[in-house]
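Convention: sequence-line order gives letters A, B, ...; per-chain numbering from 1. From a predicted model like this one, the values you see are computed outputs, not experimental measurements. Only this structure's heavy atoms are used, side chains among them; waters, hydrogens and symmetry mates stay out.
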There are 4 protein chains.
Amino acid sequence: MPVSVTRRIISAEAAFRAVEAAVARGRERGVAVVAAAVDIGGDLVACLRADGAFAASISIARDKAYTAAVFGASTDGLSNALKDNPVLHHGIAIRPGVVLFGGGLPIVEDGAVIGAVGVSGGSEDDDRECARAGVAAALAA
Amino acid sequence: MPVSVTRRIISAEAAFRAVEAAVARGRERGVAVVAAAVDIGGDLVACLRADGAFAASISIARDKAYTAAVFGASTDGLSNALKDNPVLHHGIAIRPGVVLFGGGLPIVEDGAVIGAVGVSGGSEDDDRECARAGVAAALAA
Amino acid sequence: MPVSVTRRIISAEAAFRAVEAAVARGRERGVAVVAAAVDIGGDLVACLRADGAFAASISIARDKAYTAAVFGASTDGLSNALKDNPVLHHGIAIRPGVVLFGGGLPIVEDGAVIGAVGVSGGSEDDDRECARAGVAAALAA
Amino acid sequence: MPVSVTRRIISAEAAFRAVEAAVARGRERGVAVVAAAVDIGGDLVACLRADGAFAASISIARDKAYTAAVFGASTDGLSNALKDNPVLHHGIAIRPGVVLFGGGLPIVEDGAVIGAVGVSGGSEDDDRECARAGVAAALAA
């Protein structure tokens, strides 16, 4: 019986590329965002806050990434999966660190979640698009 | 490759004027309020509690100012912007330090948010009007 | 009667350079560190965790940077300034977010504190040296 | 048997004078301080942060005022009274909101504690002197 199992975890380099790309995509869209990249335990690997981003976005970006990582789903997808069960939706929504609106995406390599990206600072659509840019950059080895 | 960016931050004098004017406006309206003024990071610069104001208002005033500063919008405006998206509204409403009812206003100088004023202790309309008086006093150089 | 005062704040680019350089210096020394860069209010601007760094280092790095920023002194310098006054030293040491051992350095531009770097993950000497590399990179415009 | 007792509590006006005078005294001494004035329950009545004061001082000033008010003694006097009993000193020192170094002074009117002033931002001597100026201003009706 094996003593250990092997898990893939996002590398520092990939996390760094992710947050840089997410912030750059925000700049292209005219919004100052915060981007966070976390590992599969939801712990921070990289973070970057654009000049002028509102301070509220620091913890929201991290919490979106945390949520996507520890549930293995996008924040939108998780919210959607819970939407027909209001008690469950609320019960998950109020847990510490959970965010159930758009802008958190898991990073999936060969079918395995290796971490997540969270973005905050623009509209939900801005944040989603920046998070997608972050995931793409993380996977562009 | 810039080392620093320059930001305007509300001065101590302007913050002091703001909380004094907000409390005075409350007195004119017959309500004892707490007024708080914060910088762009949401940290307190000045605070004043009228004689007889309820103790609950101390932290509510500060949180309204914090919310307006870190989101760069009035607490009413932020609530309004989120009102068609219940998941987003609830998700923001439950974050620590966030208040989504009236009485928090950003202080904007030449288009830049330099801080915010929050007032609590009266009706929502009282608090809004006192916050407006605070912002006006802050900007009356 | 000024409405605002002007403060320099570390730019996102400089913060990004700082955490990248601090982690790279750790790699040269054979240690996996976490580096954090914060603004003058102690709020995170950039963070990077090396592959294999211990999870404990995430919050320690951030707290070292926070301490150096909000007291405007290195964590070593602050500790040293307090060392002849045990009550004061202990009283500061137990405050939330404060770290009084080596590895937190303010970033000073033209005499003004614009932010700080904190590093955790190696020995105190490793962390100090990585933080120095981070500050140097931040200022290398 | 009486239903209530009467307590004197620092007025908003006196608290406002106190924080203004304490910050002004700091300016004369060349230090940027935060001053807080609280009621006999330790709750904030007025606060003012000088331009350029380090962010760490906001909560320290409030905690010094809180300590002086809720123990009815200066932070120095309280620390001194506990100094021969290390277990007690430590046990008090680590309670939330307690500060046992200089800069917190009760405001006493006709023998009754009506509130307190706390100052942080300079050396302990700066903070003590600014707190004294604050108390004097509060009592100068």
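Contact annotation for Leu48(D): both backbone and side-chain heavy atoms come within less than 4.5 Å of a heavy atom of chain B. No part of Ala15(B) comes within reach of chain D, as not one of its non-hydrogen atoms sits under 4.5 angstrom from that chain. For Val34(D), no part lies near chain B; criterion is any non-hydrogen pair under 4.5 Å. For Leu44(B), the parts sitting under 4.5 Å from any heavy atom of chain D are the backbone and the side chain alike.
Annotation for Glu13(D): atom CD does not count as buried by contact number, only 12 or fewer foreign heavy atoms lying within 6.0 Å.
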### Message
Under the criterion side-chain contact (heavy atoms from CB on, under 4.5 Å), I'd like the reasoning laid out for Val23(B) against Val33(B): C-alpha separation, chi angles, the key distance, then a yes or no.
### Response
CA-CA 6 Å; Val23(B) 167; Val33(B) 302; 4.3 Å; yes
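Chosen from Asp39(D), Ile9(D), Ile10(D), the residue pairing most often with chain B at heavy-atom distances under 4.5 Å is Asp39(D). Of all the listed residues (Ala50(D), Ala55(D), Cys47(D)), the one sharing the greatest number of non-hydrogen pairs under 4.5 Å with chain B is Cys47(D).
Val19(B) is listed as a side-chain neighbour of Phe16(D), based on a closest heavy-atom distance under 4.5 Å. Proximity of Asp125(D) to Arg128(D): side-chain heavy atoms (C-beta onward) are separated by under 4.5 Å at one or more points. Considering only heavy atoms from C-beta on, Leu139(B) comes within 4.5 Å of Ile107(B) through its side chain.
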